[in-house]
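Below, read A as the first sequence line, B as the second, and so on, with proteins coming before strands; counting in each chain starts at 1. Please read these numbers as outputs of a predicted model, since none were measured by experiment.
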Number of protein chains: 2
Amino acid sequence: MDGKVINLKSKLEVYKAISGGGNIANCPVREVIQGVSGKWRSLLMMALAEKPYRFGELRRLVPDISQRMLTQTLYDLQRDGYVHREVFPTKPPSVEYSLTDLGRSMFGAFHQLILWAELNHDAVRAARADFDASQA
Amino acid sequence: MDGKVINLKSKLEVYKAISGGGNIANCPVREVIQGVSGKWRSLLMMALAEKPYRFGELRRLVPDISQRMLTQTLYDLQRDGYVHREVFPTKPPSVEYSLTDLGRSMFGAFHQLILWAELNHDAVRAARADFDASQA
DNA sequence: GAGTGGCAGTCTCAAAAAGAGACCAGCACT
DNA sequence: AGTGCTGGTCTCTTTTTGAGACTGCCACTC
């Protein structure tokens, strides 16, 4: 309310964009945000931003994802145009996933949030601890 | 792979941060990203970034949220330290929700993603349409 | 003084999404 | 012939979300 006021141009406009003027169905921003919002989507985007990976590699990289969710999330990401899926006809056919230009572009913006998270996760953790303590 | 290569400092490091070196439980970034990832969290953050709101106002502003989810999401946001909840002892006691400094700070980073979404949602929509068409 | 409506929720139950893990076919190596 | 790798699908259970009824309090109206 006093310290660091963030310079946002027309937050109200932003909000209008998300609320879609009463019609939520064709709200573009929300649609995109949903795309990042899956439990595993950000994680996989981050991994693929580093370099392309194969299905099995991703599975090993993110050990606590189920195969079902990995398949599903990669499919969704591909559908949204963030990820490219390429099948190589080797003897056991291997499949490589990589970011598309759109995916890289999106990750560029998303990256801001990641950097913020790295800097401020202690603050969040502390807030949570305080809150839980005050509720007890 | 060729066009606009995004300048990311050490994506691998970023990934290591999220994967937590094998231990996902204390992965700070993922924890924060989860905080943004709820279906309604981003929406409410956007609304509150504009100005403080009362419970009923938010409900009218986002008509397709259920009361249960509104209560829940505001509670979570408060717990994470993004939102401040203040009860005014008026005759029907009113409750005002506003962003904290931490919340505004986070929203600043999140805003990048919103801007990207505004610019690129047609591309995502198009990709999705193409993909669905090619599957048919 | 009974009804109506706004306030900020809680409670219950149904539907949707996520997670765990078994199972599949094909090939290579031992 | 058995083991392990490839990239998945299928089924079942648990968790999360959603819809909507219900609460208690007060003010205003009739």
Does A:Arg68 put a side-chain nitrogen or oxygen below 4.0 Å from OP1 or OP2 of D:dG7?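 So the side chain of A:Arg68 is outside the cut-off, no N or O lying under 4.0 Å from OP1 or OP2 of D:dG7.
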Closer than 4.0 Å, any side-chain N/O of B:Trp40 to the OP1 or OP2 of D:dG18?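 So the side-chain polar atoms of B:Trp40 do come within 4.0 Å of the phosphate oxygens OP1 or OP2 of D:dG18, strictly under.
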Can a donor-acceptor pair under 3.5 Å be found between the side-chain atoms of A:Gln67 and the base atoms of C:dA22?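 Donor-acceptor pair under 3.5 Å: yes.
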According to a hydrophobic-cluster definition based on side-chain heavy atoms being under 4.5 Å apart (Ile, Leu, Val, Met, Phe, Trp, Tyr only), do A:Leu58 and A:Phe88 belong together? no
Take the protein atom [atom1] of [X] and the nucleotide atom [atom2] of [N], then report the distance between them rounded to whole Å.
X: B:Lys39; N: D:dT15; atom1: NZ; atom2: C1'; result: 16 Å
X: B:Ile65; N: D:dG20; atom1: CD1; atom2: C1'; result: 15 Å
X: B:Leu74; N: D:dT17; atom1: CG; atom2: P; result: 14 Å
X: B:Tyr75; N: D:dT17; atom1: OH; atom2: P; result: 15 Å
X: A:Asp64; N: C:dA18; atom1: CG; atom2: P; result: 15 Å

Mind checking A:Arg59 for me? I need base, sugar-phosphate or nothing, with any heavy atom below 4.0 Å counting as a touch.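 Nothing, no nucleic acid heavy atom in range.
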Please confirm whether the ring centroid of B:Tyr82 lies under 6.0 Å from the ring centroid of B:Tyr97.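 Here the rings of B:Tyr97 and B:Tyr82 have centres that are no less than 6.0 Å from each other.
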Give a yes or no answer on whether the side chain of B:Arg59 reaches the backbone of B:Leu70 with a donor-acceptor pair at less than 3.5 Å.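 Such a contact is absent between B:Arg59 side chain and B:Leu70 backbone.
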Whether the side chain of B:Ser105 engages the backbone of B:Asp101 through a donor-acceptor N/O pair (distance < 3.5 Å, no angle test) should be reported.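 No.
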Counting only side-chain heavy atoms from C-beta out, which of [options] sits nearest to [X]?
X: B:Ser94; options: C:dG9, D:dG7, C:dC7; value: C:dC7
X: A:Pro92; options: C:dG9, D:dG8, D:dT6; value: D:dT6
X: B:Met69; options: D:dG18, C:dA8, D:dT9; value: D:dG18

Residue closer to the 5' end of DNA chain C, B:Val95 versus A:Gln72 (nearest nucleotide):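 So the residue in question is B:Val95.
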